Protein chains: 2
Amino acid sequence: MEIRERILVAAAAVFAEVGFRGATTRRIAMEAGVNEVTLFRHFGSKDRLLGEAIQAANSRPSGSPLPERPTNPRKELVAWAREQMIRLRVNRNLIRTCMAEVAERPEIVERPGGQTTIAATQLRSYLTQLKKHGFTTARFDPATAAPMLLGALFADAMGRDVMPDMYPNDPDAAIRTYVDLFLRGIGVARPAKRRTKEPV
Amino acid sequence: MEIRERILVAAAAVFAEVGFRGATTRRIAMEAGVNEVTLFRHFGSKDRLLGEAIQAANSRPSGSPLPERPTNPRKELVAWAREQMIRLRVNRNLIRTCMAEVAERPEIVERPGGQTTIAATQLRSYLTQLKKHGFTTARFDPATAAPMLLGALFADAMGRDVMPDMYPNDPDAAIRTYVDLFLRGIGVARPAKRRTKEPV
DNA sequence: AACGAGAGCAAGTACCTACTTGCTTGCAGC
DNA sequence: GCTGCAAGCAAGTAGGTACTTGCTCTCGTT
């Protein structure tokens with residue numbers, strides 16, 4: 001790995017753990033295994049370094065999208081939700097720190113919602129397709145329903161470790177519960193699976 | 001207001017905005033309108049001051065509980081969710097900052113979930129009563145379903161300002177959407193209202 | 001071998017922070 | 001009026017931080 005890349009990764013990791021002020025250049029240098037002055041040779045200032053590091057960390061590719069044509073809503077949504085949850089958990093500290101610091105430093109700390117907005121768009125489209133292909137006839141707006149499932153996943157990922165009493169079941173069981181409740185909430189019943197198989 | 005109280009309120013406000021390190025004793029003193037040395041005369045150290053301030057701020061009374069006996073689930077849940085949302089929004093910065101900093105400073109920064117755990121317990125009981133009184137015959141576990149609604153509310157309160165693209169409707173409409181989807185998800189249909197009225 | 005680039009090392013600068021110390025002032029109670 | 005208490009003010013201490021500067025070393029290229 002190139003030194004510059006190593007510095008960026010170290011800076012994002014330290015920031016995620018101890019925030020902007022706690023991410024001293026000394027600490028970042030140690031984490032990256034370089035001399036402190038090297039940070040300034042590559043990036044000029046702490047602001048620039050952390051701005052780039054946070055942006056790079058928030059740009060990691062998201063997982064597989066939902067299929068354009070739904071065939072098995074529960075299976076597809078559970079699989080997708082699992083990937084979203086992994087992404088959220090892996091980035092939990094970074095997301096939490098960005099949320100806490102974005103108001104104070106909008107030019108440096110990127111809004112943490114980029115990937116989540118992409119997920120919301122995907123889910124919205126998927127829900128629209130569910131309606132279009134007759135998996136549900138219930139009345140709901142995909143755009144306003146999507147935040148329900150995403151919100152539950154987000155809160156679980158961000159809060160489970162600090163609010164353990166609120167989450168009595170294990171993480172994967174929780175995902176299945178959220179998806180099941182959500183699908184029923186939007187009128188997609190379990191037997192929907194049989195309905196798609198019959199025309200075949 | 002007494003000086004000591006003024007200091008605690010100021011300390012919590014500054015912490016919520018700029019975190020532990022950013023909450024310099026100079027800044028807290030200015031916010032409280034006292035001399036910096038007064039902080040130390042009352043609290044001895046910055047750690048002690050912020051520990052007490054955060055605890056006091058996190059101990060604000062929560063809103064009205066859900067009724068022990070459900071009569072109108074939608075109405076009752078919407079009203080309750082509104083109150084939860086107000087609480088979460090008022091404390092948004094504090095909660096976000098506590099979540100970001102609790103891992104680094106567990107003795108000082110209180111886990112932010114006290115009131116939320118109380119809410120989860122209330123909702124759990126309420127859902128149990130819904131089942132008991134026949135508002136739903138669907139299969140779901142109140143303990144694992146509660147985090148779905150609470151999570152959506154929590155994520156909305158914590159994330160709406162930093163992830164506006166994810167929330168297309170206004171906050172109150174969103175609350176009603178979450179409650180509607182949730183009730184349907186646990187098998188409480190809208191007509192449940194008529195069912196409770198007929199015996200009268 | 002010579003040169004240039006990049007990184008390490010050490011020392012230093014200017015500023016910031018939690019906290020201390022000595023003194024002064026204002027107010028309440030006797 | 002006198003005393004004690006609480007708070008303000010100013011100066012200071014010891015440690016920390018982003019950043020700079022001057023020098024040295026290593027490695028790759030010509």
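Treat the numbers as computed from the prediction; the structure is a model and nothing was measured. The sequence lines fix the lettering, A, B, ..., with proteins before strands; numbering per chain opens at 1. Reckoned from all heavy atoms, side chains included, excluding hydrogens, waters and symmetry mates.
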For A:Arg160, the side chain to side chain donor-acceptor pair (under 3.5 Å) test, sequence neighbours excluded, returns A:Asp156

Side chain to side chain donor-acceptor pair (under 3.5 Å) filter on B:Tyr126, not counting sequence neighbours, yields B:Glu76

Excluding B:Val37, membership of its hydrophobic cluster (Ile, Leu, Val, Met, Phe, Trp, Tyr; side-chain heavy atoms within less than 4.5 Å) reads none

Salt bridge (Lys or Arg N to Asp or Glu O under 4.0 Å) pairs touching residues 80-91 of chain A, sequence neighbours excluded, are A:Arg82-A:Asp172

Taking 4.0 Å as the cut-off, does a side-chain nitrogen or oxygen of B:His42 come that near to OP1 or OP2 on D:dA7? yes

Ordered by number, residues from residues 30-39 of chain A within less than 4.0 Å of DNA chain C (heavy atoms) are A:Gly33, A:Val34, A:Asn35, A:Val37, A:Thr38

Expected list for residues 6-15 of chain A near DNA chain D, using heavy atoms below 4.0 Å, is none

Output for pair (A:Ile186 CD1, A:Leu127 CG), nearest 0.5 Å, gives 5.0 Å

- Let me see the working for A:Glu101 and A:Phe15 under side chain to side chain contact (heavy atoms under 4.5 Å, CB included), right down to the final yes or no. CA-CA 10 Å; A:Glu101 303 220 11; A:Phe15 169 80; 4.3 Å; yes

query: Looking across every strand, which nucleic acid part, if any, lies under 4.0 Å from A:Ala23 by heavy atom: base, sugar-phosphate, or nothing?
result: sugar-phosphate

Salt bridge (Lys or Arg N to Asp or Glu O under 4.0 Å) pairs touching residues 30-59 of chain A, sequence neighbours excluded, are A:Arg4-A:Glu52

Taken to the nearest 0.5 Å, the spacing of B:Thr117 OG1 from B:Arg124 CZ works out to 8.5 Å

When rounded to whole Å, the CZ to P distance for the pair A:Phe20 and D:dT17 reads 13 Å

Below 3.5 Å is the cut-off: list the nitrogen or oxygen pairs between protein and nucleotides 23-25 of chain D, distance only.
none

* Using a cut-off of 6.0 Å, state whether more than 12 heavy atoms not belonging to B:Arg26 lie near its atom CZ. => no

A:Ile3 CD1 to D:dT26 P, in whole Å, measures 15 Å

The remaining residues in the hydrophobic cluster of B:Val90, counting side-chain heavy-atom contacts under 4.5 Å among Ile, Leu, Val, Met, Phe, Trp and Tyr, are B:Ile86

Contacts of A:Asp161 meeting salt bridge (Lys or Arg N to Asp or Glu O under 4.0 Å) (sequence neighbours excluded), chain-then-number -> A:Arg92, A:Arg96

The reported gap from CE in B:Met163 to CG in A:Leu150 (rounded to nearest 0.5 angstrom) is 9.5 Å

At a 4.0 Å cut-off to heavy atoms of chain B, the contacted part of DNA chain C spans C:dT17 to C:dG22

By side chain to side chain donor-acceptor pair (under 3.5 Å), B:Glu17 pairs with (sequence neighbours left out) B:Arg27

